[in-house]
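Encoded as structure tokens, the structure appears first; notes follow it.
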Amino acid sequence: MGGSKAFVPAAWKLTGAQGSSEVTAAPWFVDVRALAYRKDVFQKAGVDPKQAFKDLKSFEAALQKVKDANPDVAPFVHPGRNDWNVWQNASQFVWNYGGDILNKDNTQAAFNSDKSVDGVHQLTSFYGKGLTAPDTLELNSAEAEARFGNGEAASIIASSYLISQARSPKDQGGWQSDEARNNLAFAEFPAGPGGQYTFVGGSQLGIFNDCPQPEVAVKFVQYLTSNESQARYASNIGMLPAREEAQKAEAFNDPLYQPFKAGSQKGKAAPAIVEWGGIENAFQTELQGLWEEVAASEGEPIDRETVKQRLDAAAETVNGLLGQ
Amino acid sequence: MATTPTRTLTHRPGIIRRARRNRIAYAFIAPAVLMMLLVHVIPSVQGIYMSLLDLRQATLRQYLGAPSVGLEHYQDIITGFFSGRGGANIRGLSQATRNALWFTIWLNVGTIGLGLVLALLLNRKFRGRGLARTLILLPWVVPSFVAGLIWRFVWLQRGGLANQILVDWLGIVDQPIRWLLLENTRWALLIPAIWRSVPFTALLLLAGLQVIPQDLYEAARVDGANAWHRFRYITLPLLKPSLAITLMFGIVFNLFGFGPFNIATSMFGSTNHGKYAELVVPAIARQTFSNQLYGYGAAASVLVMTLAMVFVILWYRVFRDTLRAE
């Protein structure tokens, strides 16, 4: 199938348990995150997108300008506690501030380190600073995307399937706002003091040990990981193919895909360890609790200490799961 | 002369003979007993044993051979509940227990109160009574997942029906209420749960009302009893068995069961229903299976099971005479 060089690096990392050289899965497609923004709204605020999305500091400054220039459009709409992207969204801030989910040998939580806390603190302080929609904390990802599609949001954290949503006719579930359709643009997730990383999810293909027809299953996996099949399937679902060659297919020539393609090279994913299920839940639960604290501190940004306490509580559970 | 005590010799058949005589009855109940053993007794015993083990993801391969921790899980949960200390899971479980107590009390007050009013109204003769009796069942037949989605649209901060009524139409409050966040989530869950439970309760109480002999009311009228007296001294006492059953279902289902789990999950959009709306059994399930803490989860389940049994025994003692009279 081409080995590690044929696939998006972050996807290839998930083909086997960390620390093992054994490959137990094949990458299928990748879900790369970026920031979607409205060109017209940013322009009205006099903000150069290149500068705005250069790093997380300039991004926050740009949101403030967007807010001042466009009182009817929320600068940033992000989901709150009730969502399926709670830890994924927070992790991008953690990574770009130089933190991580676990330490290098996956024996301890690292999302409560000082750098990680700084990252999560920035994300969770947008609400108190008035840079989000007032009801952003009760929205989920789909509702945040709908706000953008209705022309009520200047920027959101987005996945590549937003491109096909924007292109769909209005009567087939497409966006209702022509301004949003015509001014849609994407930027790579801004860099932070620790570098520039983007969340990369997606799907992997595997074959069970007790599969009755392993030869046929292998052939099917080979077909699903071929250039042609990956390009067709990924473009149908609005994701990117995990195979890099397949990303050169015509379906992905639209310039809107460029930030996602670039982001896929800077991708990070959840650590591929057997304890991940429990770790994800503990991390997610405390982040959800943190969003409740954010809601409780309405009108002022949440303090860093509260963020730290929540992440420490999650770390305590995670370290227990890791046998520490 | 000493007399020998006489013994009345009655013929008592032996166990084997009795079993033989009742073999058809035993054969009929055998499948049920077998199933009870397989799906109830054996898993319960295994659960009790698991609660004494350090069974989690790291030791899952050892399963029942996982290291023993004695009563440590029980100690952590019970001391955590009374002291407010402990890890995130223990604190979450303690909070969920308090939520469940609050929720169960108000749910039963609301459900039985409204159910009784509805049952009394539907027991009267009026045109369209059949249609009304059918219509009140609607909340009960709506799938719980759909009910949760409907109520989400009621509670939304922006554009939600509740805020439209309170802010735009009635002008009672200035700012939209954040129903789906913080303490308000309690009410956001309680109201749909009552809305959904009332039809069943009303139906049960209506059935109870219909078996009360009408001549009792006629005799009371002749004796000069007013409507309140008839309700207080005839309806309520004779409705007591139905009320007892309703109360037991309401408590067991919500305090010791999953309660309105599906409504909450689709309404909040997460299986974690939050600090103020998560009830005790959903919290145990989430912590056990998502965090993969099987020994701890088994201990928490055993505690809930024990409390449920204590409750049912108390309930039966309180209502024993009422149920026997029935």
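Naming convention: chains lettered A, B, ... in sequence-line order (proteins, then strands); numbering from 1 in each chain.
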Does a sphere of radius 6.0 Å around [atom1] in [X] hold more than 12 heavy atoms from other residues, nucleotides or ligands, not counting ones at 6.0 Å or beyond?
| X | atom1 | answer |
| --- | --- | --- |
| A/Tyr161 | OH | yes |
| A/Asn209 | CG | no |
| A/Lys13 | NZ | no |
| A/Lys115 | NZ | no |
| B/Arg98 | CZ | yes |
| B/Phe249 | CZ | no |

Where does [X] contact chain A at under 4.5 Å (heavy atoms): side chain, backbone, both or neither?
| X | value |
| --- | --- |
| B/Leu181 | side chain |
| B/Arg158 | both |
| B/Leu156 | both |
| B/Arg91 | side chain |

Side chain / backbone / both / neither for [X] at chain B, heavy atoms under 4.5 Å:
| X | value |
| --- | --- |
| A/Leu139 | backbone |
| A/Glu316 | side chain |
| A/Glu286 | side chain |
| A/Val274 | both |
| A/Glu143 | side chain |

Checklist entry - Top residue by heavy-atom pair count (under 4.5 Å) with chain A, among B/Glu183, B/Arg56, B/Gln287? => result B/Arg56
Checklist outcome for this item: Residue from B/Arg286, B/His273, B/Gln292 scoring the most non-hydrogen pairs under 4.5 Å with chain A is B/Arg286
Between [atom1] of [X] and [atom2] of [Y], what distance do you get to the nearest 0.5 Å?
| X | Y | atom1 | atom2 | answer |
| --- | --- | --- | --- | --- |
| B/Ser270 | A/Asn82 | OG | CG | 5.5 Å |
| B/Thr271 | A/Asn281 | OG1 | CG | 7.0 Å |
| B/Thr185 | A/Arg81 | OG1 | CZ | 7.5 Å |

Next on the checklist: Does this structure show an ion pair linking A/Glu138 with B/Arg152, if we count only N-O contacts that are shorter than 4.0 Å?
Outcome noted: no
Checklist entry - Hey, does B/Gln57 have a side-chain heavy atom less than 4.5 Å from the side chain of A/Leu321? => result no
Next on the checklist: Tell me the closest heavy-atom pair linking A/Ala313 and B/Ala88, and the distance in Å.
Outcome noted: O-CB, 4.2 Å
Checklist outcome for this item: Between A/Ala282 and B/Asn291, the two heavy atoms sitting closest are N-OD1, 3.7 Å
Next on the checklist: I'd like to know if the side chain of B/Arg178 reaches the main chain of A/Ala295, judged simply by a donor and an acceptor atom lying under 3.5 Å from each other, with no hydrogens or angles considered.
Outcome noted: yes
Checklist entry - Is a side-chain N or O of A/Gln288 found less than 3.5 angstrom from the main chain of B/Asn272, in a donor-acceptor match? => result no
Checklist outcome for this item: Ranking A/Asn140, A/Thr285, A/Leu137 by heavy-atom pairs under 4.5 Å to chain B gives rank one to A/Thr285
